[in-house]
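Worksheet: one structure, shown below.
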Amino acid sequence: MAIENLITTQPRTPLIAASILSADFARMGAEARAALEAGADLLHLDVMDGHFVGNLTMGPDMCRGLSRSLPGALLDVHLMVRTPAAYVEPFAAAGAGHLTFHIEAAPEPASLAGEIRAAGMTAGLAINPSTDVTRIMPFVQHVDLVLVMSVEPGFAGQEFMVSVLETVGRIKPVLGVGQRLQIDGGINAETAQAARDAGCDCLVAASAIFGAAEYAPAIAALRGGHVPQGDVEWP
Ligand code: DX5
Ligand code: ZN
């Protein structure tokens, strides 16, 4: 069964991407399922290589495991690695539906986006808070999603950097129908509203979901209080 790619199909807005970085790694399958059943649209996998960022997290095997246990889930992989091109095939083979790479690590963003799409995934281009927005502008047309980092990447639980809303405001007008504007870092009910108001239609959250006592109200709060109708059940 093909997985509907919510990134390019017509909105459900905003999409909520649950970053499993703050989940209990000893119970990952159950945690991921619980987030989806609580209303998350995507599972966001933060891949860190110890070079592009100091931290080390997960790789294709985590993606493969989640894809096997939750075959209907859209796996949104965020590569924070120095050599993103090396991971296109491994993540495609591991069941990723979407792959985002950083402009700071990609000498040829347009061709890398093409490789990601040719491998059957949607492509995303990320920018760090300290990187000049003009660097990504020439490549925005080649991707399905632009990810604006609202913390310096590396760890969950950092504070939202309000200054990136200006970057969001610069990028939003150049995006077409079917392109998503994702924001990642320090998203909670309050900052989610600021991000939505600025035009973001895909919100990543780790601590605000997995740090909450109950995931469904936490996710509903990120959407602005809108609770989707009906129970979600993952096979
Ligand atoms: C940071 C990661 C984020 C992180 C978000 O480098 O890219 O996805 O998990 O964590 P919170 O939502 O806790 O800021
Ligand atoms: Zn991320």
Side-chain angles (χ1 to χ4, degrees), residues 7 14-25 28 31-32 35 38-60 62-63 66 73-82 84 87 91 96-106 121-131 143-165 167-168 180-196 200-213 215 218-219 221-223:
I7 287 167
L15 294 176
I16 304 296
S19 164
I20 62 168
L21 194 55
S22 291
D24 178 351
F25 274 48
M28 186 55 83
E31 286 273 77
D41 301 292
L42 320 174
L43 292 175
H44 182 90
L45 279 66
D46 286 308
V47 175
M48 305 186 191
D49 66 350
H51 295 285
F52 183 75
V53 292
N55 200 3
L56 277 171
T57 55
M58 60 191 85
M62 176 68 86
C63 189
L66 289 172
L74 178 55
L75 302 176
D76 159 25
V77 175
H78 176 191
L79 291 179
M80 284 159 277
V81 303
R82 215 180 251 171
Y87 297 99
F91 277 102
H98 175 86
L99 198 58
T100 290
F101 59 93
H102 272 256
I103 186 77
E104 299 86 1
M121 300 174 285
T122 46
L125 182 56
I127 181 166
N128 283 341
S130 53
T131 302
V143 294
D144 305 289
L145 176 149
V146 174
L147 165 53
V148 174
M149 288 303 301
S150 38
V151 298
E152 286 299 336
F155 297 93
Q158 302 182 72
E159 196 172 326
F160 184 79
M161 296 169 73
V162 182
S163 58
V164 306
L165 292 176
T167 306
V168 168
R180 294 276 182 177
L181 186 46
Q182 188 179 54
I183 193 157
D184 183 5
I187 293 293
N188 55 36
E190 222 170 276
T191 56
Q193 178 167 0
R196 292 194 315 271
C200 296
D201 56 11
C202 186
L203 312 177
V204 179
S207 337
I209 296 175
F210 292 104
Y215 299 167
I219 290 169
L222 298 177
R223 287 191 204 284

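Note that the numbering runs from 1 along the sequence shown for the chain. As the structure lists them, so they are numbered: ligands from 1, and atoms in each ligand from 1.
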statement: Rounding to 0.5 Å, atoms CD1 (Ile187) and CZ (Arg196) come to a distance of 9.5 Å

query: Roughly how far apart are Leu147 CG and Gln182 CD, rounded to 0.5 Å?
result: 5.0 Å

Nearest-0.5 Å distance, CG of residue Leu66 to CG of residue Leu75: 6.0 Å

query: Considering only protein heavy atoms, which is closest to atom 3 (C) of ligand 1, and at what distance to one decimal place?
result: Asp184 OD1, 2.9 Å

message: If you count every heavy atom of other residues, nucleotides or ligands that lies below 6.0 Å from Glu159 atom CD, does the total exceed 12?
response: no

Tally of protein N, O or S atoms, where distance to the Zn ion (ligand 2) is under 2.8 Å: 4

message: Main chain of Ala123, side chain of Asp144: is a donor-acceptor contact present, judged purely on distance under 3.5 Å?
response: yes

- prompt: Got an N/O contact under 3.5 Å between Ile187 and ligand 1?
  reply: no

message: To the nearest 0.5 Å, what is the distance between CE on Met161 and CD1 on Ile183?
response: 11.0 Å

field: Min N/O separation Gly157 to ligand 1 under 3.5 Å
entry: yes

Atom indices of ligand 1, in the order listed, that fall short of 4.0 Å to a heavy atom of Val204: 8 (O)

- prompt: So, does Arg180 use its side chain to make a donor-acceptor pair with the main chain of Pro14 at under 3.5 Å?
  reply: no

Heavy atom of the protein closest to atom 6 (O) of ligand 1 (residue, atom name, distance): Gly154 N, 2.8 Å

message: Tell me whether Glu152 has any N or O atom under 3.5 angstrom from an N or O of ligand 1.
response: no

task: Output the list of atoms in ligand 1 that are nearer than 4.0 Å to some heavy atom of His78, sorted by atom number.
output: 7 (O)

Taking atom 1 (C) of ligand 1 as the reference point, the nearest protein heavy atom with its distance: Phe155 O, 3.7 Å

- request: Would you confirm whether Thr191, through its side chain, and Phe160, through its main-chain N or O, come within 3.5 Å as a donor-acceptor pair?
  value: no

query: Between atom CG of Leu203 and atom CD1 of Ile219, what is the distance when rounded to the nearest 0.5 Å?
result: 11.5 Å

- prompt: Looking only at protein heavy atoms, which one is nearest to atom 13 (O) of ligand 1, and how far off is it?
  reply: Ser207 OG, 2.2 Å

query: What are the two closest non-hydrogen atoms of Phe210 and Ser22, and how far apart are they?
result: CB-O, 3.2 Å

query: Looking only at distance, does Gly186 have an N or O less than 3.5 Å from an N or O of ligand 1?
result: yes

query: Quick one: which ligand 1 atoms are inside 4.0 Å of a heavy atom on Ala206?
result: 5 (C), 9 (O), 10 (O), 11 (P), 12 (O), 13 (O)

- request: Check Asn128, Val53, Asn55, Thr100 against Met80 for a side-chain contact (heavy atoms from CB on, under 4.5 Å) and give me the one that passes.
  value: Val53

message: Quick check on contacts: which atoms of ligand 1 are under 4.0 angstrom from a heavy atom of Asp46?
response: 2 (C), 3 (C), 4 (C), 7 (O), 8 (O), 9 (O)

message: Using modelled atom types and a 3.5 Å cut-off, is there a donor and acceptor pairing between side-chain atoms of Arg82 and backbone atoms of Ala105?
response: no

message: With a sphere of 6.0 Å drawn around OH of Tyr87, does it hold more than 12 non-hydrogen atoms of other residues, nucleotides or ligands?
response: no

- prompt: Quick one: do the Asp76 and His78 side chains pair a donor with an acceptor below 3.5 Å?
  reply: no

- prompt: Of all the atoms in ligand 1, which lie at a distance below 4.0 Å from a heavy atom belonging to Gly185?
  reply: 14 (O)

Ligand-side contact atoms (ligand 1) for residue partner Met80, heavy atom cut-off under 4.0 Å: 6 (O), 7 (O)

Ligand-residue contact atoms, ligand 1 with Met149, heavy atoms, under 4.0 Å: 7 (O)

- prompt: Rounded to the nearest 0.5 Å, how far does CD of Glu152 lie from OG1 of Thr131?
  reply: 7.5 Å

field: Per-atom contacts of ligand 1 with Leu21, taking only distances under 4.0 Å to non-hydrogen atoms
entry: 9 (O)

- prompt: Looking only at distance, does Ala156 have an N or O less than 3.5 Å from an N or O of ligand 1?
  reply: no

task: Could you say whether the N/O atoms of Ser22 and ligand 1 ever approach to under 3.5 Å?
output: no

